[in-house]
A.B. asks: 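My questions all concern the structure below.
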Amino acid sequence: MPIVMAIAFALLPTILMARTSAKNCDDAKPQTGSSTATHESPFACDRLALDPAARKRHFDELGPALRDLRKEVKELPDGYEFQFPSDPKTIALVAEWAAGERVCCPFFDIELRMERENGPFWLRVTGRKGTKDFIKADGASWVKPVN
């Protein structure tokens with residue numbers, strides 16, 4: 001329970017900024033009740049989807065910190081999976097990054113997975129055809145092998 005509360009409190013500022021930044025985007029989304037997207041965003045990172053404070057935090061602070069914390073990178077058929085330390089602070093940072101990434105790159109499927117018995121913690125970034133190539137081109141520093 002303390003980990004859940006820590007993650008919730010860590011994510012609160014990002015969620016609030018992301019909701020404010022994305023409020024106009026919600027009006028354009030179809031309200032079908034289905035989780036399957038009918039509109040496909042272009043393969044482009046929309047940095048302006050985040051307000052200035054969230055943009056600085058996401059790109060200048062969280063991204064570089066998380067790239068340094070990666071323990072392993074796995075190439076998948078439709079994207080990549082990144083292993084991180086499974087401590088509560090890192091989990092909260094990855095969750096905060098994922099919340100921001102979802103706003104600026106809505107074409108990603110983003111999953112966070114914590115394996116049982118204090119096992120590895122993984123961030124999976126995948127998507128439709130072309131997603132993996134976008135990650136390679138735009139996120140080359142993320143996919144390079146960990147030293």
Side-chain angles (χ1 to χ4, degrees), residues 2-26 28-29 35-147:
I3 291 175
V4 173
M5 293 302 292
I7 291 172
F9 284 118
L11 286 176
L12 188 58
T14 300
I15 291 169
L16 292 175
M17 286 187 279
R19 286 185 73 202
T20 301
S21 298
K23 70 179 180 182
N24 293 333
C25 294
D26 289 339
K29 291 181 185 174
S35 64
T36 305
T38 56
H39 166 75
E40 291 188 341
S41 301
F43 285 119
C45 179
D46 182 6
R47 291 174 170 250
L48 297 178
L50 298 168
D51 66 44
R55 189 168 46 245
K56 180 178 181 359
R57 173 85 172 138
H58 185 78
F59 292 103
D60 298 343
E61 298 170 20
L62 292 173
L66 292 176
R67 281 190 298 272
D68 290 343
L69 288 171
R70 294 170 307 140
K71 295 174 75 175
E72 184 179 346
V73 177
K74 287 185 182 178
E75 187 171 348
L76 305 171
D78 57 350
Y80 290 89
E81 190 168 54
F82 308 94
Q83 183 184 3
F84 290 95
S86 56
D87 62 278
K89 182 178 177 183
T90 302
I91 292 169
L93 289 174
V94 173
E96 181 182 354
W97 178 88
E101 193 69 8
R102 184 168 189 235
V103 174
C104 63
C105 294
F107 50 87
F108 283 149
D109 292 323
I110 301 172
E111 298 175 38
L112 280 64
R113 185 177 80 246
M114 292 168 259
E115 296 183 12
R116 67 179 167 268
E117 304 294 339
N118 296 313
F121 170 55
W122 296 92
L123 165 68
R124 178 182 283 234
V125 183
T126 60
R128 68 180 189 265
K129 184 174 170 61
T131 299
K132 183 175 176 179
D133 292 333
F134 177 83
I135 296 169
K136 270 191 217 178
D138 194 59
S141 61
W142 276 86
V143 299
K144 70 179 182 179
V146 177
N147 296 331

A.B. asks: Search all heavy atoms of Ser86 against all heavy atoms of Asn118 and return the closest pair with its distance.
C.D. replies: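 Nearest heavy atoms, Ser86 then Asn118: OG-O, 4.0 Å.
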
A.B. asks: Within the distance-only criterion (no hydrogens, no angle test), does the side chain of Lys132 pair as donor or acceptor with the backbone N or O of Leu76 below 3.5 angstrom?
C.D. replies: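 Yes: the side chain of Lys132 pairs with the backbone of Leu76.
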
A.B. asks: According to ring pair (Phe, Tyr, Trp, His ring centres under 6.0 Å), who are the partners of Phe59, at least two apart in sequence or on a separate chain?
C.D. replies: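 If we apply the ring pair (Phe, Tyr, Trp, His ring centres under 6.0 Å) test to Phe59, skipping adjacent residues, there are no hits.
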
A.B. asks: Rounded to the nearest 0.5 Å, what separates atom NZ in Lys74 from atom CZ in Arg124?
C.D. replies: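 The NZ atom of Lys74 sits 8.5 Å away from the CZ atom of Arg124.
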
A.B. asks: Going by the rule salt bridge (Lys or Arg N to Asp or Glu O under 4.0 Å), which residues pair with Arg113 if we only count those two or more places apart in sequence or in a different chain?
C.D. replies: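 For Arg113, the residues satisfying salt bridge (Lys or Arg N to Asp or Glu O under 4.0 Å) (neighbours in sequence not counted) are Glu81, Glu115.
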
A.B. asks: Which distance, rounded to the nearest 0.5 Å, do you find between the OG of Ser41 and the CZ of Phe108?
C.D. replies: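 Taking OG in Ser41 and CZ in Phe108, the distance rounds to 11.0 Å.
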
A.B. asks: Tell me the closest heavy-atom pair linking Ile135 and Gly79, and the distance in Å.
C.D. replies: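 Looking at all heavy atoms of both residues, the shortest contact is CD1-CA, 4.3 Å.
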
A.B. asks: Using the side-chain contact (heavy atoms from CB on, under 4.5 Å) rule, pick out the option among Val94, Ile91, Leu66 that qualifies with Leu123.
C.D. replies: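 The residue from Val94, Ile91, Leu66 that satisfies side-chain contact (heavy atoms from CB on, under 4.5 Å) with Leu123 turns out to be Val94.
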
A.B. asks: Does the plane of the ring in Trp142 sit parallel, tilted or perpendicular to the ring in Trp97? Use 30° and 60° as the thresholds.
C.D. replies: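 Plane angle between 30° and 60°, so tilted.
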
A.B. asks: Checking side chain to side chain contact (heavy atoms under 4.5 Å, CB included) for the pair Val146/Val73: CA distance, chi angles, key distance, verdict?
C.D. replies: CA-CA 7 Å; Val146 177; Val73 177; 3.9 Å; yes

A.B. asks: Could you tell me which residues satisfy salt bridge (Lys or Arg N to Asp or Glu O under 4.0 Å) with Lys89, sequence neighbours excluded, listed by chain and number?
C.D. replies: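 Checked Lys89 against salt bridge (Lys or Arg N to Asp or Glu O under 4.0 Å); zero matches.
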
A.B. asks: Could you name each residue pair satisfying salt bridge (Lys or Arg N to Asp or Glu O under 4.0 Å) that touches residues 58-68, not counting sequence neighbours?
C.D. replies: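 Sorted pair list: Lys56-Glu61, Arg57-Glu61.
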
A.B. asks: Between Asp138 and Phe43, does the side chain to side chain contact (heavy atoms under 4.5 Å, CB included) criterion hold? Intermediate values first, please.
C.D. replies: CA-CA 10 Å; Asp138 194 59; Phe43 285 119; over 6 Å; no

A.B. asks: Partners of Tyr80 by ring pair (Phe, Tyr, Trp, His ring centres under 6.0 Å), sequence neighbours excluded?
C.D. replies: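 For Tyr80, no residue satisfies ring pair (Phe, Tyr, Trp, His ring centres under 6.0 Å) once neighbours in sequence are set aside.
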
A.B. asks: Apply side chain to side chain contact (heavy atoms under 4.5 Å, CB included) to residues Phe107 and Arg128 and explain how you reach the verdict.
C.D. replies: CA-CA 8 Å; Phe107 50 87; Arg128 68 180 189 265; 3.4 Å; yes

A.B. asks: Report the distance from atom NE2 of His58 to atom CG of Asp51, rounding to the nearest 0.5 Å.
C.D. replies: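 The distance works out to 12.5 Å.
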
A.B. asks: List the atom of Arg55, the atom of Leu50, and the distance in Å for their closest heavy-atom pair.
C.D. replies: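 Looking at all heavy atoms of both residues, the closest pair is NH1-O, 2.7 Å.
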
A.B. asks: If only atom types and distance count, is the side chain of Arg70 paired as donor or acceptor with the main-chain N or O of Phe82 below 3.5 Å?
C.D. replies: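 Side chain of Arg70 to backbone of Phe82, a donor-acceptor pair under 3.5 Å: no, none is there.
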
A.B. asks: Tell me the closest heavy-atom pair linking Leu69 and Pro85, and the distance in Å.
C.D. replies: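 Heavy atoms of Leu69 and Pro85 come nearest at O-CD, 3.3 Å.
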
A.B. asks: What residues form a ring pair (Phe, Tyr, Trp, His ring centres under 6.0 Å) with Phe121, not counting sequence neighbours?
C.D. replies: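 Result, ring pair (Phe, Tyr, Trp, His ring centres under 6.0 Å) vs Phe121: none returned.
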
